[in-house]
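Each remark here refers to the structure printed beneath this line.
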Amino acid sequence: MKVLVATTNPGKLREIERILSPLGYKVVKPPEKLEVKETGRTFLENAYLKAKAYHERFGLPTLADDSGLVVDSLGGYPGVFSSRFYSLEFGGKEELKGSADEANVRKLLRLLQCEEDRRAKFVAFVVLYLGEKGFFAEGECRGEIVESPRGSGGFGYDPVFRPEGYDRTMAELPPEEKDRISHRGRALRNLAGLLESCDL
Ligand code: IMP
């Protein structure tokens, strides 16, 4: 099946293609970026909003991923605000020096400076929108936030997230290992299983 991916985030695109291609999906990048307002209060709502907007514009079966980091001691923040955490009033705005990913990570480490409970999880919701019907699946990866960034793989919060059972951060793992344990890998494989059981 050919699926349009409703994102222009290079990190997400790379991973979605890497995970779905071996499962027999042809992943198509959007010809242009749409400004979709992520007004939902949950990952699922936002994934649905993105999938629907790209489907309406381009008319192909459309896959959207909404994902983020949920930190226990921050009451679930940054959550749905993960991509723009640095700019939120919550916890104090962080100056944008370098990339948004770097500013997000700086703010997270600042907020957790004296915090002993560093438990966190990555969460992903994926939606496949076909117009007349849609499917969704979820994936999680539990771990904790380390004291300083390590590694150059992945994107976003990967350099400060150490998955449970590992002594390396997500950014220090080879790509295939990240895909095996990541929230996104799990969500996409769950979705593929669901579609198979529906004969799609
Ligand atoms: P979205 O585009 O609104 O779904 O925002 C996702 C944001 O969550 C990204 O910009 C990252 O900050 C964070 N995020 C999601 N998945 C990952 C991941 O696999 N590694 C690191 N950060 C992630």
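These figures come from a predicted structure and were not determined experimentally. Note that ligands are numbered from 1 as they come in the structure, with each ligand's atoms numbered from 1 the same way.
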Hey, what do you get for [atom1] ([X]) to [atom2] ([Y]), rounding to the nearest 0.5 Å?
X    : Y    : atom1 : atom2 : result
R186 : E138 : CZ    : CD    : 11.0 Å
F125 : E140 : CZ    : CD    : 8.0 Å
H183 : D65  : NE2   : CG    : 7.0 Å
R119 : E164 : CZ    : CD    : 10.0 Å
S83  : E38  : OG    : CD    : 6.0 Å

Pull out every atom of ligand 1 sitting under 4.0 Å from any heavy atom of [X], numbered as shown with elements.
X    : answer
G156 : 21 (C), 22 (N)
F155 : 16 (N), 17 (C), 18 (C), 19 (O), 20 (N), 21 (C), 22 (N), 23 (C)
K50  : 1 (P), 2 (O), 3 (O), 4 (O)

Query raised in the report: Is the count of non-hydrogen atoms from other residues, nucleotides or ligands lying under 6.0 Å from E89 atom CD greater than 12?
Result: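 Count not over threshold, so no.
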Report task. May I ask whether D66 places a heavy atom under 4.0 Å from ligand 1? Result ->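 True for this residue.
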Requested in this report: Check if K178 has a non-hydrogen atom at a distance under 4.0 Å from any atom of ligand 1.
Outcome: yes
Query raised in the report: Quick check: does any side chain N or O of R14 sit under 3.5 Å from a backbone N or O of R18, one acting as donor and the other as acceptor?
Result: no
Query raised in the report: Is the backbone N or O of Y86 less than 3.5 Å from a side-chain atom of N104, with the two atoms forming a donor-acceptor pair by type?
Result: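 It does hold such a pair.
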What protein heavy atom sits nearest [atom], and how far away is it?
atom                    : result
atom 10 (O) of ligand 1 : S83 CB, 3.3 Å
atom 4 (O) of ligand 1  : K12 NZ, 2.7 Å
atom 6 (C) of ligand 1  : S67 O, 3.1 Å
atom 22 (N) of ligand 1 : Y157 N, 3.1 Å
atom 20 (N) of ligand 1 : D158 OD1, 2.7 Å
atom 16 (N) of ligand 1 : R184 NH2, 2.8 Å

Query raised in the report: Does the N or O separation between D101 and ligand 1 drop below 3.5 Å for any pair?
Result: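 No, since none of the N or O atoms of D101 sits under 3.5 Å from an N or O of ligand 1.
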Query raised in the report: Does an N or O from H183, backbone or side chain, lie closer than 3.5 Å to an N or O of ligand 1?
Result: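 Among all N and O atoms of H183, at least one is under 3.5 Å from an N or O of ligand 1.
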Query raised in the report: Do L63 and L188 come within less than 4.5 Å of each other through their side chains, counting heavy atoms only?
Result: yes
Query raised in the report: Considering only heavy atoms, does R84 approach ligand 1 within less than 4.0 Å through its side chain, its backbone, both, or neither?
Result: neither
Query raised in the report: Is ligand 1 under 4.0 Å from a heavy atom in the side chain of E38, in the backbone, in both, or in neither?
Result: side chain
